[in-house]
Novice: 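Quick one: the structure is below, questions incoming.
Treat the numbers as computed from the prediction; the structure is a model and nothing was measured. Below, all heavy atoms of this structure are taken into account, side chains as well, without hydrogens, waters or symmetry copies.
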Amino acid sequence: GTSIDVEGSYDVGAADTAQKFIHPDDAMLVNTVIQEAFETTDPTFTREIELRLVKADGSIVTATARMRAVKDEQGRTVKLVGANQDITERKAQEEALRRNEAQLSEAIQIAQMGYWELDTATMKFTFNDQFYALLGTTAEAEGGYEMDAATYATKFVHPDDAAIVGANAQVAIETTD
(Lines give C-alpha, C1' and ligand atoms only; values in the text may rest on other atoms or scores of the structure.)
Protein backbone atom coordinates (compact mmCIF):
# COMPACT_ATOMS: atom_id res chain seq x y z
CA GLY A 1 0.00 0.00 0.00
CA THR A 2 0.90 3.62 0.14
CA SER A 3 2.32 5.30 3.21
CA ILE A 4 4.10 8.43 4.41
CA ASP A 5 7.39 6.72 3.53
CA VAL A 6 6.26 6.15 -0.05
CA GLU A 7 4.52 9.51 -0.59
CA GLY A 8 7.01 11.68 1.30
CA SER A 9 4.38 13.62 3.28
CA TYR A 10 0.75 13.67 4.22
CA ASP A 11 0.28 16.72 2.00
CA VAL A 12 -0.20 15.39 -1.52
CA GLY A 13 -1.47 17.39 -4.46
CA ALA A 14 -5.02 16.85 -5.68
CA ALA A 15 -3.96 16.27 -9.28
CA ASP A 16 -1.35 13.69 -8.28
CA THR A 17 -3.82 11.95 -5.98
CA ALA A 18 -6.50 11.87 -8.65
CA GLN A 19 -4.15 10.53 -11.28
CA LYS A 20 -2.70 7.87 -8.99
CA PHE A 21 -5.72 6.65 -7.08
CA ILE A 22 -8.97 7.48 -8.88
CA HIS A 23 -10.06 4.99 -11.51
CA PRO A 24 -9.87 6.68 -14.93
CA ASP A 25 -13.55 5.96 -15.64
CA ASP A 26 -14.54 7.85 -12.45
CA ALA A 27 -12.21 10.84 -12.87
CA MET A 28 -14.86 12.95 -14.63
CA LEU A 29 -17.38 12.37 -11.82
CA VAL A 30 -14.83 13.41 -9.20
CA ASN A 31 -13.79 16.46 -11.22
CA THR A 32 -17.42 17.51 -11.64
CA VAL A 33 -18.09 17.31 -7.90
CA ILE A 34 -14.90 19.22 -7.08
CA GLN A 35 -15.78 21.89 -9.61
CA GLU A 36 -19.28 22.14 -8.13
CA ALA A 37 -17.74 22.54 -4.65
CA PHE A 38 -15.66 25.48 -5.81
CA GLU A 39 -18.45 27.15 -7.79
CA THR A 40 -21.28 26.84 -5.29
CA THR A 41 -22.18 29.59 -2.87
CA ASP A 42 -23.83 27.08 -0.55
CA PRO A 43 -21.94 27.30 2.77
CA THR A 44 -23.10 23.80 3.71
CA PHE A 45 -22.10 22.08 0.44
CA THR A 46 -21.62 18.34 0.98
CA ARG A 47 -21.61 15.43 -1.44
CA GLU A 48 -21.40 11.69 -1.28
CA ILE A 49 -20.37 9.73 -4.35
CA GLU A 50 -19.50 6.16 -5.15
CA LEU A 51 -16.31 5.59 -7.10
CA ARG A 52 -13.56 3.13 -7.78
CA LEU A 53 -10.09 3.67 -6.39
CA VAL A 54 -6.89 2.14 -7.66
CA LYS A 55 -4.72 0.82 -4.86
CA ALA A 56 -0.94 1.12 -4.97
CA ASP A 57 -0.72 -2.55 -6.00
CA GLY A 58 -3.08 -1.88 -8.95
CA SER A 59 -6.12 -3.62 -7.52
CA ILE A 60 -9.47 -1.83 -7.63
CA VAL A 61 -11.75 -1.13 -4.68
CA THR A 62 -15.17 0.51 -4.61
CA ALA A 63 -15.51 3.37 -2.16
CA THR A 64 -17.96 5.92 -0.93
CA ALA A 65 -16.39 9.37 -0.80
CA ARG A 66 -18.02 11.97 1.43
CA MET A 67 -16.82 15.54 1.10
CA ARG A 68 -17.63 18.98 2.42
CA ALA A 69 -16.53 22.38 1.17
CA VAL A 70 -15.01 24.77 3.70
CA LYS A 71 -15.77 28.38 2.78
CA ASP A 72 -14.10 31.64 3.83
CA GLU A 73 -15.92 34.83 4.89
CA GLN A 74 -16.47 35.77 1.24
CA GLY A 75 -18.08 32.40 0.47
CA ARG A 76 -15.12 31.06 -1.50
CA THR A 77 -14.17 27.44 -1.15
CA VAL A 78 -10.81 27.32 0.60
CA LYS A 79 -10.58 23.57 1.00
CA LEU A 80 -12.43 20.31 0.73
CA VAL A 81 -12.46 17.84 3.59
CA GLY A 82 -13.71 14.33 3.34
CA ALA A 83 -13.44 10.66 4.02
CA ASN A 84 -13.45 7.55 1.86
CA GLN A 85 -14.94 4.25 2.95
CA ASP A 86 -14.11 0.96 1.23
CA ILE A 87 -17.45 -0.64 0.30
CA THR A 88 -16.05 -3.34 -1.97
CA GLU A 89 -17.30 -6.21 0.20
CA ARG A 90 -20.76 -4.66 0.57
CA LYS A 91 -21.02 -4.18 -3.21
CA ALA A 92 -20.00 -7.80 -3.76
CA GLN A 93 -22.67 -8.95 -1.30
CA GLU A 94 -25.30 -6.77 -2.99
CA GLU A 95 -24.37 -8.22 -6.39
CA ALA A 96 -24.52 -11.78 -5.02
CA LEU A 97 -27.96 -11.03 -3.57
CA ARG A 98 -29.15 -9.65 -6.94
CA ARG A 99 -27.88 -12.78 -8.70
CA ASN A 100 -29.57 -15.07 -6.16
CA GLU A 101 -32.85 -13.18 -6.48
CA ALA A 102 -32.70 -13.43 -10.28
CA GLN A 103 -31.94 -17.17 -10.08
CA LEU A 104 -34.78 -17.75 -7.63
CA SER A 105 -37.16 -15.78 -9.83
CA GLU A 106 -36.12 -17.84 -12.86
CA ALA A 107 -36.49 -21.12 -10.94
CA ILE A 108 -39.98 -20.15 -9.76
CA GLN A 109 -40.93 -19.26 -13.32
CA ILE A 110 -39.52 -22.48 -14.79
CA ALA A 111 -41.25 -24.58 -12.13
CA GLN A 112 -44.46 -22.60 -12.67
CA MET A 113 -44.69 -21.96 -8.95
CA GLY A 114 -46.77 -19.17 -7.55
CA TYR A 115 -45.36 -17.38 -4.52
CA TRP A 116 -47.54 -15.89 -1.82
CA GLU A 117 -46.98 -14.40 1.58
CA LEU A 118 -49.53 -13.50 4.26
CA ASP A 119 -48.82 -10.66 6.68
CA THR A 120 -50.75 -11.87 9.73
CA ALA A 121 -50.76 -8.42 11.34
CA THR A 122 -52.60 -6.83 8.40
CA MET A 123 -54.14 -10.00 6.94
CA LYS A 124 -52.85 -8.97 3.52
CA PHE A 125 -51.46 -11.35 0.96
CA THR A 126 -48.58 -10.52 -1.36
CA PHE A 127 -48.43 -12.51 -4.60
CA ASN A 128 -46.02 -12.78 -7.53
CA ASP A 129 -46.89 -12.74 -11.23
CA GLN A 130 -46.70 -16.52 -11.50
CA PHE A 131 -49.24 -16.90 -8.68
CA TYR A 132 -51.66 -14.70 -10.57
CA ALA A 133 -50.92 -16.60 -13.79
CA LEU A 134 -51.88 -19.86 -12.06
CA LEU A 135 -55.21 -18.24 -11.21
CA GLY A 136 -55.67 -17.01 -14.77
CA THR A 137 -55.34 -13.32 -13.93
CA THR A 138 -52.69 -10.62 -13.51
CA ALA A 139 -51.55 -8.21 -10.82
CA GLU A 140 -52.80 -5.38 -13.00
CA ALA A 141 -56.29 -6.91 -13.27
CA GLU A 142 -56.39 -7.48 -9.50
CA GLY A 143 -55.18 -4.01 -8.53
CA GLY A 144 -51.62 -4.88 -7.56
CA TYR A 145 -49.56 -7.51 -5.80
CA GLU A 146 -51.29 -7.12 -2.43
CA MET A 147 -54.77 -8.28 -1.58
CA ASP A 148 -56.55 -8.57 1.75
CA ALA A 149 -57.31 -12.12 2.86
CA ALA A 150 -61.09 -11.68 2.74
CA THR A 151 -60.97 -10.51 -0.90
CA TYR A 152 -58.70 -13.41 -1.81
CA ALA A 153 -61.03 -15.90 -0.13
CA THR A 154 -64.06 -14.45 -1.88
CA LYS A 155 -62.48 -14.31 -5.33
CA PHE A 156 -60.28 -17.39 -5.45
CA VAL A 157 -61.29 -19.97 -2.86
CA HIS A 158 -64.11 -22.26 -3.96
CA PRO A 159 -67.10 -21.98 -1.61
CA ASP A 160 -66.92 -25.72 -0.87
CA ASP A 161 -63.30 -25.26 0.30
CA ALA A 162 -63.71 -22.02 2.26
CA ALA A 163 -64.24 -23.60 5.69
CA ILE A 164 -61.24 -25.94 5.46
CA VAL A 165 -58.99 -23.24 4.01
CA GLY A 166 -60.01 -20.84 6.78
CA ALA A 167 -59.47 -23.45 9.51
CA ASN A 168 -56.04 -24.45 8.17
CA ALA A 169 -55.02 -20.81 7.84
CA GLN A 170 -56.00 -20.16 11.45
CA VAL A 171 -54.01 -23.18 12.67
CA ALA A 172 -50.99 -21.99 10.70
CA ILE A 173 -51.26 -18.48 12.17
CA GLU A 174 -51.59 -19.75 15.75
CA THR A 175 -48.93 -22.46 15.64
CA THR A 176 -45.61 -21.82 17.37
CA ASP A 177 -43.50 -24.35 15.46
Novice: Taking the side chain as everything from C-beta on, heavy atoms only, tell me whether T62 gets closer than 4.5 Å to E50.
Specialist: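 In short, these two side chains touch, coming nearer than 4.5 Å.
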Novice: Do the non-hydrogen side-chain atoms of M123 and I173 ever get within less than 4.5 Å of each other?
Specialist: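 With C-beta onward as the side chain, the pair touches.
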Novice: For T77 and K71, work out which heavy atoms get closest and say how close.
Specialist: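 Shortest heavy-atom separation between T77 and K71 comes out as OG1-NZ, 2.6 Å.
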Novice: Do the side chains of I49 and I87 join up, straight or via other hydrophobic residues, at under 4.5 Å, putting them in one cluster?
Specialist: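 No, separate clusters.
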Novice: Check whether any side-chain heavy atom of I60 sits under 4.5 Å from a side-chain heavy atom of V54, and report yes or no.
Specialist: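 In short, these two side chains touch, coming nearer than 4.5 Å.
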Novice: May I have all residue pairs that pass side chain to side chain donor-acceptor pair (under 3.5 Å) and include part of residues 34-43, sequence neighbours excluded?
Specialist: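 For residues 34-43, and leaving out neighbouring residues, the side chain to side chain donor-acceptor pair (under 3.5 Å) pairs sorted by first residue read Q35-E39, E36-R47, D42-T44.
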Novice: Compare every heavy atom of A63 with every heavy atom of L53, then report the nearest pair and how far apart it is.
Specialist: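 So the two residues come closest at CD1-CB, 3.7 Å.
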Novice: Which heavy atom of D57 sits nearest to which heavy atom of S59, and what is that distance?
Specialist: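 Where D57 meets S59 most closely, the heavy atoms are OD1-OG, 2.6 Å.
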Novice: Compare every heavy atom of V157 with every heavy atom of V165, then report the nearest pair and how far apart it is.
Specialist: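 Shortest heavy-atom contact: CG2-CG1, 4.0 Å.
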Novice: Considering only residues two or more places apart or on different chains, which pairs with a residue in residues 96-109 satisfy side chain to side chain donor-acceptor pair (under 3.5 Å)?
Specialist: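 Pairs touching residues 96-109 that pass the test: E95-R98.
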Novice: If two hydrophobic side chains count as joined below 4.5 Å and joins carry through other members, does L51 share a cluster with M28?
Specialist: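 No; M28 is not reachable from L51 via cluster members.
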Novice: Contact between F131 and Y115 at the side-chain level, heavy atoms closer than 4.5 Å - yes or no?
Specialist: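 Sidechains of Y115 and F131: no contact.
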Novice: Between D26 (side chain) and R52 (backbone), is there a donor-acceptor pair under 3.5 Å?
Specialist: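 Looks like yes, one N/O pair under 3.5 Å.
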Novice: Taking the side chain as every heavy atom from C-beta outward, state whether M113 and N128 have any atom pair closer than 4.5 Å.
Specialist: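 Answer no - side chains too far apart.
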Novice: Starting at CG of L118, measure out to NZ of K124 and round the result to the nearest 0.5 Å.
Specialist: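 One gets 11.5 Å once the value is rounded to the nearest 0.5 Å.
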Novice: Could you check whether atom CD1 of I164 has more than 12 heavy atoms from other residues, nucleotides or ligands sitting under 6.0 Å from it?
Specialist: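 No - once you tally the heavy atoms of other residues, nucleotides and ligands closer than 6.0 Å, there are 12 at most.
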Novice: Are V61 and M67 in one and the same hydrophobic cluster, where Ile, Leu, Val, Met, Phe, Trp and Tyr link if side-chain heavy atoms are under 4.5 Å apart?
Specialist: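 Yes: a chain of side-chain contacts under 4.5 Å links V61 to M67.
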Novice: Side chain to side chain contact (heavy atoms under 4.5 Å, CB included) between E48 and T64: does it pass, once the steps are laid out?
Specialist: CA-CA 7 Å; E48 181 175 306; T64 296; 3.3 Å; yes
Novice: Could you pull out the closest heavy-atom pair between N84 and A65, with the gap in Å?
Specialist: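 For N84 and A65, the tightest heavy-atom pair comes out as OD1-CB, 3.2 Å.
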Novice: If you round to the nearest 0.5 Å, how far is NZ of K79 from CZ of F38?
Specialist: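 Spacing of CZ (F38) from NZ (K79) equals 11.5 Å.
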Novice: For atom CD of Q112, is the number of surrounding heavy atoms from other residues, nucleotides or ligands below 6.0 Å larger than 12?
Specialist: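 No.
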Novice: Could you tell me the separation between the CD atom of Q170 and the OG1 atom of T120, rounded to the nearest 0.5 Å?
Specialist: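 Rounded to the nearest 0.5 Å, the CD-OG1 separation comes out at 10.0 Å.
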Novice: Show every side chain to side chain donor-acceptor pair (under 3.5 Å) that has at least one partner inside residues 130-153, sequence neighbours left out.
Specialist: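 Every side chain to side chain donor-acceptor pair (under 3.5 Å) pair that includes a residue of residues 130-153, provided the two are not neighbours, is D129-Y145, T137-E142, E142-K155, D148-T151.
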Novice: So which atom in L80 and which in A37 form the shortest heavy-atom distance, rounded to 0.1 Å?
Specialist: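 Shortest heavy-atom separation between L80 and A37 comes out as CD2-CB, 3.4 Å.
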